[in-house]
Each structure stands twice: as C-alpha cells, then as structure tokens.
Amino acid sequence: MSTETVKMNGLQAINAALMEAMEADPKVLVLGEDIADREGGGVVGVTRGLSTKFGDMRVRSTPIAEQAIMGAAIGAAMAGYKPVAEIMLMNFTTVAMDMIVNHAAKLRFMSGGQSQVPLVIRTLTGAGNQTAGQHADFYEAWFCHTAGIKVVIPWTPADFKGLYLSAIQDPDPVIIVESGKTLFVPMDTPVNQGPIPLGKANVVAPGTDITILSYGQMMFTVMEAVGQLAEAGISAEVIDLRTISPWDKETVLASAEKTGRLLVVHEAGKNFGPGAEIAATVQETLFGKLKAPVGRLGAPYCSVPFAKKLEDAFLVQPPAIIAEAKRLAAMG
Amino acid sequence: MSTETVKMNGLQAINAALMEAMEADPKVLVLGEDIADREGGGVVGVTRGLSTKFGDMRVRSTPIAEQAIMGAAIGAAMAGYKPVAEIMLMNFTTVAMDMIVNHAAKLRFMSGGQSQVPLVIRTLTGAGNQTAGQHADFYEAWFCHTAGIKVVIPWTPADFKGLYLSAIQDPDPVIIVESGKTLFVPMDTPVNQGPIPLGKANVVAPGTDITILSYGQMMFTVMEAVGQLAEAGISAEVIDLRTISPWDKETVLASAEKTGRLLVVHEAGKNFGPGAEIAATVQETLFGKLKAPVGRLGAPYCSVPFAKKLEDAFLVQPPAIIAEAKRLAAMG
Amino acid sequence: MTDTLTNRAVPDAATQLDIYRRMIRIERNDDATRTQIRRGRITAPYYSARGQECIPSAISVLLNDDDKICTIYRGIHDMVAKDMPLRPLWAEICGRVDGTCKGKGGPMHLTHPETGVMVTTGIVGSSMPIANGFAWAALLDGTKQVTVAYFGDGASNIGAFHEALNLASVWKLPVIFVCQNNGFAEHTRYENGTSVDQISKRAIGYGMPGYTVDGNDPLDVYAHAHAAIERARSGEGPTLLECKTFRFMGHVFGDADGYMTKEEKAEAMADDPLPKFRQKLIDSGVATADQIDEMTAKAEAEVNDAIEFAMSCEYPSDDELRRDVFAEEIPA
Amino acid sequence: MTDTLTNRAVPDAATQLDIYRRMIRIERNDDATRTQIRRGRITAPYYSARGQECIPSAISVLLNDDDKICTIYRGIHDMVAKDMPLRPLWAEICGRVDGTCKGKGGPMHLTHPETGVMVTTGIVGSSMPIANGFAWAALLDGTKQVTVAYFGDGASNIGAFHEALNLASVWKLPVIFVCQNNGFAEHTRYENGTSVDQISKRAIGYGMPGYTVDGNDPLDVYAHAHAAIERARSGEGPTLLECKTFRFMGHVFGDADGYMTKEEKAEAMADDPLPKFRQKLIDSGVATADQIDEMTAKAEAEVNDAIEFAMSCEYPSDDELRRDVFAEEIPA
Ligand SMILES: Cc1ncc(C[n+]2csc(CCOP(=O)(O)OP(=O)(O)O)c2C)c(N)n1
Ligand SMILES: Cc1ncc(C[n+]2csc(CCOP(=O)(O)OP(=O)(O)O)c2C)c(N)n1
Ligand SMILES: [Mg+2]
Ligand SMILES: [Mg+2]
C-alpha cells in the first residue's frame, strides 16, 4: 500500500469509506433523512454521490421517522444486508432508543445467536455552533452501558475512513458518532487508508508525566492544551480512545501505569459519564501504583446552553485541562 | 407523630403515598396504562382505588403510547399540576426518551427558569421472573447522566412512602424505579410515615471493615451476604443509596473513609454503570486514604437471559458479594 | 369508509383442511402450555392466544417457508401456524439449551429463521418497523417474498405503528400489517384507548388498502390475506388487515378478567373459531369427524413429544452469558 | 374524503386588519433577523418562516393571551402572531441575559408564558404530545382555554404525531393540531416522505375532523380555525388543520434550495400571502394603503427598537450553568 497522503476532512473521508464499501460489497446499504442526491446527499453532504452511483434502492432517503429508519435497518441487517443508517443528530436517537437498545443490540443474544444485526448507525453531535439544548448532546455513555452495541467516536479523517470500513464489515451493530469539528477540519490522510480495527486506542503522542485520554472533537482541545503543557515542562502522553465500547483497556492501563497519572477528558457530561468507567477500572487495576487519582473533565451538569458565552463556559477548554494536568502532575 | 408500625409491602406503601398526596393536594394527577379502577387499578395494583376516590379526570388510563403519556404529564406539569406518570416497565422508557430527556429534564433550563416540570415517573423493573431481555433492565445510569432529572430507587416500604411523598412535591422531574421484589416483600413500616428527603442515603447497618453500598431489590441480596460476612468475622457498613442522582456523596465518602473500603453492588450492568461514577468520585476524593480499590459488582455485559439458571447466573448473588468483600477486606 | 374486497379468493378443500390443521395444532399446543404451567413445570409468563387461532392459520397457508413473520409476546400461535417445529419451541419455553434460542429468549422471544419466524418482540408496536427491513431486503434480492407483521389492537396506538405504515407505503414494501384485534389491550377496552371505530380506517392515512375482517372466520381471513399477499408479491405495496377476534384467557395466564362482564366473555367464547370451523368442514363435506379427530390426535401427539423432548434437554451453561452478545465470544 | 366546513365564520374588518398587523409584524421581524445574521450580528442557525405568516396570524386573532401554543424551531412567526413582545425575543436570539430564556434557549427554543408561548421544541413532532398536557390542565381547571400545537408536514410522519392525536381524541382534549404544510421537510419533497395526498385525511384515523386549508388565505385559515377553536372550547375535542403554504427561504438560513426547481419556487413565491392580503384589504375598503404603510412602519419601528435593546443587553454570567437545572441552584 502506498503511504501517499492527501489533505481531506472527515466528511470526505466518510464519503470515501461509504463509496469504497458500497463498491466492494453489494450488501452495503445506506438510509436516512435527506441522504440521497435528490435531497442533496445529506444535510452536510456526507452521503453525496452515493445514490447517483449505487441507485435509489441501496441508498434511500426516508421520512422523518427514526423508529422506522432503525427498524428498516434492523430487518435488512437480519436478512443479510449491511445497512448504514443515519440518525441525523445524536439527540434524535432518543426517539429510536427502543429499536437500538431493545432490538439492534439484543437480538443476537435473545435469539441464541440465530439473528445477526450487522448495522452501523451514523450520528452527528457536539456543541460549539449555538444549536442549544436539543441538538448537541453526547450520549455515548448510554450506548456503552447497553450490551451488544459498539461505540466509536473518531477524531481524524484517516480514522473515520478506517473505522467506518471496519464497522460496516463488523458482524454486530456499531454506532459511530461524528462530532462537529471532526467533519470539517482537513488533515493529512493516507490515500489508500484501509480498515482500522475497532477496539484499539491510538497513542498519538508519547509522554512521561501524565496520560491524557480523550476522543472525538475534544481531541482538538486536548492537543492545544498538550502543546501548552509541554511549554510548561509537562510531558503528556496522549491517547485517542477512538472506540469507547469495548474500550482498549490494555493500552490505557499500560500508559497510565507508565506515567502514573491519568486524566480523562470528554465533551459528554462528567456525572455518570464515560470517564467514570475508565477511572473506576484504572483505580482498581492500578491500585497503589498511581501517583495521583484518575482525573476527569467533562461537561457540567446542565443542558447545552445557547449563548456563545455560556457555550464556551460549558465546553471543556484548554485552560481547564492544563490546570487539572498540572494539579495531578504535582502529586505523587 | 406516632412510632407505631405495621407490616406492609412496597405496593401498599406507594398506594398509600399516592392516596395521601392526592388527598392533600388537588394538583396531584396520576396517569398511565391500565391505572384506573375500570382497568383494575394498574397491572400489579399499585394505583388501585385512586380513580374511584379521585375521579377519572385526575386518574386517567391512557392508550399504549408512552410518548403521549409523558407529553401529557409534561404539559400538565408546566400548567401547574403534579402528574405521576407510569411507564409500566423501565424498558418502555426507550420509546419515551425524547419526552423524558429532551423535554422533561431540560425545559426548566432551556426556558431560563420560566418552565417548571414537577412530575414523577413511576416505572417497574428487575430480573428474577424470567421475563427475559426486554422487560427487566435497569437503565438508571442513563437518567443519572441526564442533567435535570432526579433518580430514586427505594428498597423498603417506608422509603417508598416517604420518597414518593417528597418526589411528588419536588419542583423538578423525578424518576422512581420500583424493582420487582421491593413491591411485594412486607416490612415494618411506620403508620404515619411522612416525607423522606431526596438525595439522602440511609446507613442501614454500621460496620468497620468495609462499606457495602447498594439500592433497590439488590439490597435484599446484600443483606443476605452481610449476614454471612458477619459470621465470617467481617463487619460491613451497609448503605442504601436510595437516591442515585443526585447521590449523597457526603454519607458515602464519610463511610468509605471510615472503613477504608467500598464495594458498590447494583443490578444494572457493571460496564459504564452507576457504580462507575461512585467509584470514580471516591477514588479521587479519598486518594491515598483507602485500604483497597473501590470494588464494583453489577450485571455482566449481556441482555437479561430467560432460562432460570442463566438468570440466576446473571444476577449478583450473595456468594459473589461475600467473595469480593473478603478480597477487599484482605487488602491494606 | 374502510375498503371492501371485490374479488374474494376461496380456499380449496385441501387448503381448508390445512387451515384447520394449523388451528388445532395451535389449540392443542396452547392447552398443553397452560397445563404445564399449572403443574409448575414451566415458570414463565404466558400470553395465551386461545381464540385467535384462525388468523395466522388462514394467513400461513398462503405463505412459503421463506416468507417471513415478525410477531409479538402473544405470538406462539403465529409461529405454530407458520409450522415452526415444536421440539425447539418447547425446549425454548422450558429454558433449555436445545431451545431455538438456547433458552435465552423464552416464550416471549422465539426466533426460528428456517420457518421464517424472524423476530418476536415484547415491546408493543416494534414488530412493524423491523418487518419493513425484511421487506426491503426482499425487494433488493428480487424475490417475491413477503413479510407479515403481527400486532394487537392496542399496538395500533403507538408511534411505531404510524412510522412503519407510512414508510412501507412510501417505499411500496411487500408487507402485510395484520392487527389481531381482540378488543382489549391488557385490561383496557378497545374504545378506551383507540379513537377510531375500525383500525382499518387508519390505512386511509397511509394511502394503502385497509380491511376489517372477521378474524374468527377462516374464509374471510383467507380471502383478504390472499388479496394482500398478491398485492405485496406484485410490487404494489403494503396492506393493513384488521382481524376481529377475542382472547379467551385474558391478557396473561392467571389474569383475573375483572375488566369485562361475564356475559361479554360468554358471548365472545360462543364464537370460538375452532368448533365452528370444524362443524363447517364436516357440514360442507371437506372432512369427516374421524379425519378431524385423527388430525387432532396427531397434533396432540406432536405436542406431547415436544414436551417430553424439552423436559429431557439440558439447561444452558453459564458460559452462554458470554456468547451471542457479539459474534465473537466475550472473554471470561 | 377530507372534511368540508359548512358554516364559515368571516372576520370583520377590524379583525382582518388585526390579521394583517400580525402578518406584517412577522414579516418585518423575519426580514430584520436575516439582515442581522447576514451582518454577523447574530450567529445562530435560523429557520425562516417567510411565506407562512398568514397561518398563525389568522389563528391568533381567535386566541386569548391565556390560550397556549406549543411550537417548533421554525416558530418565531407563531410567537410574533401571538403578540409576544419583541424585546425579550430579540434579546434571546442574541443570547443575552435579558432574553426571555436568559440566553439559554436561543431562536429554536423561545418560551414566553405571559403570551401563551409555552414550549418551542427542536425535536420534530414533539410539540404535539406536550400540547395535550396543557389541554388536559385546562379541562381540570374548568377554563375554556385551548392549546394550539404547530408542526410541519414532515412531522406528520413521526410517531409522536400519531400518539398525540389519538390520545387527544380519546380524551376529547381542547387542542388544535395545526400542520403548516410547506411542501418540504428539510430537503425532502412532501410526496417522498408522506404516504397520503392530504395530511388532513389522517384525522379519519383518529375520529376527529380534518381540514385542508389554503394557508396563504387568511379568510380560509380563519374560518377553519374558528370552527376548530369553537369545537375545542365547547368540549367536543381536537381538530386537525392542514394549512398549505411554502417557505420562501429554504430550510435553514443559507440553504441552497438545490432540491427544487426555479419555476416551482417562483410559482410558490407568486402566491406570497402578504402583498395578496394587502391588496385585498385595500380593494375591499377595509384599509387604505396609507393605513397599511403606517402599520408597516410601526412594526418596523418595534423591530428596530427590539434590536437596539437586545444589542445593549448583557451576556449571561457563567453562573447560569448552575441555575435552572433544578429549582434549587447547583452548588459551585
Ligand atoms: C411500549 C410498550 N408499552 C407497554 C407494554 C406493556 N404491554 C404489554 S402487552 C400490552 C397490551 C397490548 O395490547 P394489544 O396490542 O391489543 O395486544 P394483545 O395483548 O391484546 O394481543 C401492554 C400495554 C409493552 N410491552 N410495550
Ligand atoms: C426527531 C427529529 N428528527 C430529525 C430532525 C431534523 N430535522 C429538523 S427540521 C426537519 C424537517 C421538518 O420538516 P417539517 O416537519 O415539514 O417542518 P418545516 O421545517 O418544513 O417547517 C428535520 C428532519 C429533528 N429535528 N428531529
Ligand atoms: Mg388486544
Ligand atoms: Mg415542511
């Protein structure tokens, strides 16, 4: 494989992954609101060109009916297809939770392995665009807590391409969360990016003083903070978790043991958030081996606010990461 | 107030609470599937007698339509009423998540405090009756992670009465989970049981070697285990958390600091479960002060199975609690 | 206002007999199930369809093995009508590893793809959106397969019904939506939950044909199912069939029936489809009483064999909790 | 098949003028909003209702301040028609603390109980179930208040619509369900998402009257709204009004409109309700051009005043993230 790279953004990478997957496997389907070219190829254009190339039967726009979307995806998956279903925004998964949780995630188990539900749910979310309380929530913790569905939140375009290729061929349901900025920021991406296995974290920067773990668009914030920490003489090892469930315990534990400190940062609410599971596991496995408690940063306990000023205060920002990393680094 | 007690079960206690609350406050309403006496006063009889006493307009049976149920409750609450809405089983909250999460929990915040949504959601769940994968899940972690709604899971009839009385008068949405056995096991209950504040844990047994925290029907299992631990010479302090969000950090931290060890036990899945938040908070606050890592026991990562044998293996049983408590007690 | 069928297909003698064969197989199976529960040999909740035998029987004679059904907790009659073998069925409801779902699903969640029993859901309304997915797959496969979605009258009031029927119509899917209207939803009388006198009228809102059928008359069900299946196979899209019937055993086995009058129940039971059709077959010379008795004995023998088989099977091993969560086994 | 009104109420001259006053107030306000966005003074997503002014205006002249509306992201015209004051409206869409929601809700989520603007939701379909709750409260209060639930054509395909209309009919609630059918749901053409040629026909399935109305003709909207409101106030129950119209500015401000033809758009815009009604008022002698121009100038002045006011207001303090989550402030 060539190691040539091009600049592309997440949107282009997902589009390329869907194109390749549909080309290679006639069982791959795409459905969702406005996703066909007749409707403009998706509200932000992720699915542009697919229906023109693969036809209206494999790439179907739907009514506004998330239960119907997920139901159609589940049935088609059980019949041998590999549907990629879009739930436009993560807050709208709330109207499809029965289909996702009681059915997609459970039918393999409840049928004793007779039913396979190899589908992918694509959904977009994230604060930062003043869309307020019903359009920007991160609910990955709900799905991580639900047995039978995998949860993926990529950061880079290369990961989007590689993780989508894997998720589509995965025999089980996978929800992939596209977080705002990750769709639009161009990055160097291998031209021939192939599948990247689910469940593997990526150590994006080595470090010695503290491990900082994050995923999705929050990685941009973390990278900014890490640069400033380096200037302050603190060497952070940065982990992009990529798959939140099942998560890569091995990589995370090895890094936390090495640096002796772990800080988990996510955009989801801190209370009962994904970071709690990571902290709980790490404190147990590395009991007595850490120099500081596992730190967590996440959204405060409130809805996403509208006003830009409040939205900025709501989101974890570099100074908060820096302060917390320094506090932990000073311990032990 | 008299300290006289009677034997009653949770079902009777909730019924008494609803009776008292409706009697005292004409704004209290009850709605849900089959809840009126015409339909038998609820599938297990919790609401029996209410419609006969308070009439069909305040106690309304509904179609099978959980979004409509929650919507009606939200609107009525905003108009000044205090509806108690039944979602028959916790798995059916999945069809009403938009109403609960995007609306009931958020409207006060999103309206800048103009909207009040003082409603109570009653829901039943729990494994043990071979109802399999779609009728027995504990999803309290989802609601704990959602800002703006309180989560209560009582164990004793006295707590049911007291916590219901408080929840109904609480100015914010509260979800109360009735877990199978807690409805049916009679216990001594003060005749005049009054309101019990939300957010306060109950130290049900003092101990010195380890703190064991649980709630809901799992408390029966914990109490069984604790008896056997005592025989084995391990003194466990037992906390019934009662309110899972917001939880009583003060009581839990004080106890964990005193005993130096904490074991959290719940029926919900262990992965990304409520215990993770408790463990994450405790390891941080009591870093260096604990004799052992915070232990967690919860359901394995799978759906609730049907076969009795599997259901027994799925549920946390006394031997698992005893083993884990002994392991932790042997540390430090 | 509901549609009227002009061209009524009539089943020939062999087909009529085949309908009766299915009906008596259902009835004998149901009777045996209740007996086994009464004797304490089965411990699960059971939703008898006694009284509703005619509906799936008159439909299933028109279906092939590769035609699919999605049904509900009250659905064992639908499976037996579809000629699902009774041994794996009984092993499942007895929670044995040789059950069709290895004992993980139980009586509310049977699956048997070989005979087209694809999904059995415990969530009201959820059979319909998933049925659409199988129908979409059939269109993609270019087969003439149809999918039948069974559901109750109460289920016609939930959101999933609406979303599924609309999508099926817009996409012209080969689905038949069969409402088994037994006049009650748990304890709620039809008219107290449903705003229209005939559910078939709702078809108008989806631009599809809708028929109200005598669900206790095999010839009426057959004629309408024939039209609906023809329509689906020829690519014209879905149909809504409302089949009026009654459940003789209440909602769940052991149910008190206090929500209906004795007279009402007696009247409904006088319309028992089984003796009525038996007499008709004899009167019209399709079969002799002896032939029918032989058929009945055969059904009974098959049921008894299945019970014996089931009771001799092993219980699933606890390792099953780690299997079928994902395709890959969860490590111990 | 849809219902036809026999007794058509006609607004008197003053009422006609009042309708126009509301329409021009909406139009001036919308125009100013788009200008402010273009100038970068507002940064939020904006869903213009330009073209739909007539619908809420002709309805709102029939409503009192204590009659309630529940509306959607595309709903500022509904609020302005209900005579919500513009200063708190503008302060809100500018994210200021003097906004009606303290800047926490923004343009998709305005609330103003004093003028009956109770809920503005960003979730398609969710205005309807909540409207039922206000209507139930009105019945309990014994007032003659009505609640109007506004929603789009696309929203008529989601489950919440179905559940809400059924419940409202069974409970005979004083609600008017007003579908503003602008022919598109985001980029999806009506017929590609909706299976029936007239949404009003769905009323048949709920046993309620359903009318298709020319949403650009104030007299037609008025007549039908009058009948629906009378029906609601007299305790007879809900009505479904489908008002056909068009949105001139696409789905969201900045939208490319590529999913419709130029001719189609031009034709729709030729039916602009504003100049048409203006001419009619002049031709019929209800008002002179001068009077109307004065009305327009007044509306414009009010809008300009509101903008000035809003721009001079403070931003909310970060403490607001801890307020209005619950009635009690979250401790820092
Ligand atoms: C979403 C949801 N809500 C409530 C229930 C509880 N429940 C189980 S069966 C039932 C009644 C269903 O009635 P109907 O659709 O008429 O079917 P029948 O049982 O009469 O066959 C209800 C309310 C459920 N299973 N799912
Ligand atoms: C449950 C849900 N699904 C999807 C969306 C995304 N969405 C926002 S507006 C819209 C189109 C709604 O169309 P319609 O109901 O016709 O109203 P209009 O915007 O035309 O006024 C969609 C799909 C949403 N907000 N909520
Ligand atoms: Mg029924
Ligand atoms: Mg529209």
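Predicted model only: the values in this text are computed from it and were never measured. Chain letters run A, B, ... following the sequence lines, proteins first and then strands; every chain starts at 1.
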For B:F109, is it the side chain, the backbone, both or neither that has a heavy atom under 4.5 Å from a heavy atom of chain A? side chain

Treating B:H145 as the side-chain partner and A:Y139 as the backbone partner, does any N or O pair qualify as donor plus acceptor under 3.5 Å? no

Max heavy-atom pairs within cutoff under 4.5 Å with chain B, candidates A:G273, A:A292, A:C302, goes to A:A292

Using non-hydrogen atoms only, which part of B:L310 is less than 4.5 Å away from chain A: side chain, backbone, both, or neither? neither

Pick one of side chain, backbone, both or neither for A:T93, based on which atoms fall under 4.5 Å of a heavy atom in chain B. neither

Among the listed options A:K106, A:M110, A:Q67, the residue most often paired with chain B at heavy-atom distances under 4.5 Å: A:K106

Quick one: side-chain hydrogen bond (donor to acceptor under 3.5 Å, both in side chains) pairs with a partner in residues 124-133 of chain B, sequence neighbours left out? B:Q130-C:T43

Side chain / backbone / both / neither for A:P300 at chain B, heavy atoms under 4.5 Å: neither

Counting only non-hydrogen atoms closer than 4.5 Å, does A:T285 touch chain B with its backbone (N, CA, C, O), its side chain (CB onward), both, or neither? neither

Report the option among A:G332, A:G269, A:G288, A:P246 that has the most heavy-atom pairs separated by less than 4.5 Å from atoms of chain B. A:G269

Partner set under side-chain hydrogen bond (donor to acceptor under 3.5 Å, both in side chains) for A:E257, not counting sequence neighbours: none

Pairs of heavy atoms under 4.5 Å with chain B: top-ranked of A:A96, A:C144, A:A268: A:C144

Using only atom types and a distance under 3.5 Å, with no angle test, would you say the side chain of A:Q283 pairs donor to acceptor with the backbone of B:V294? yes

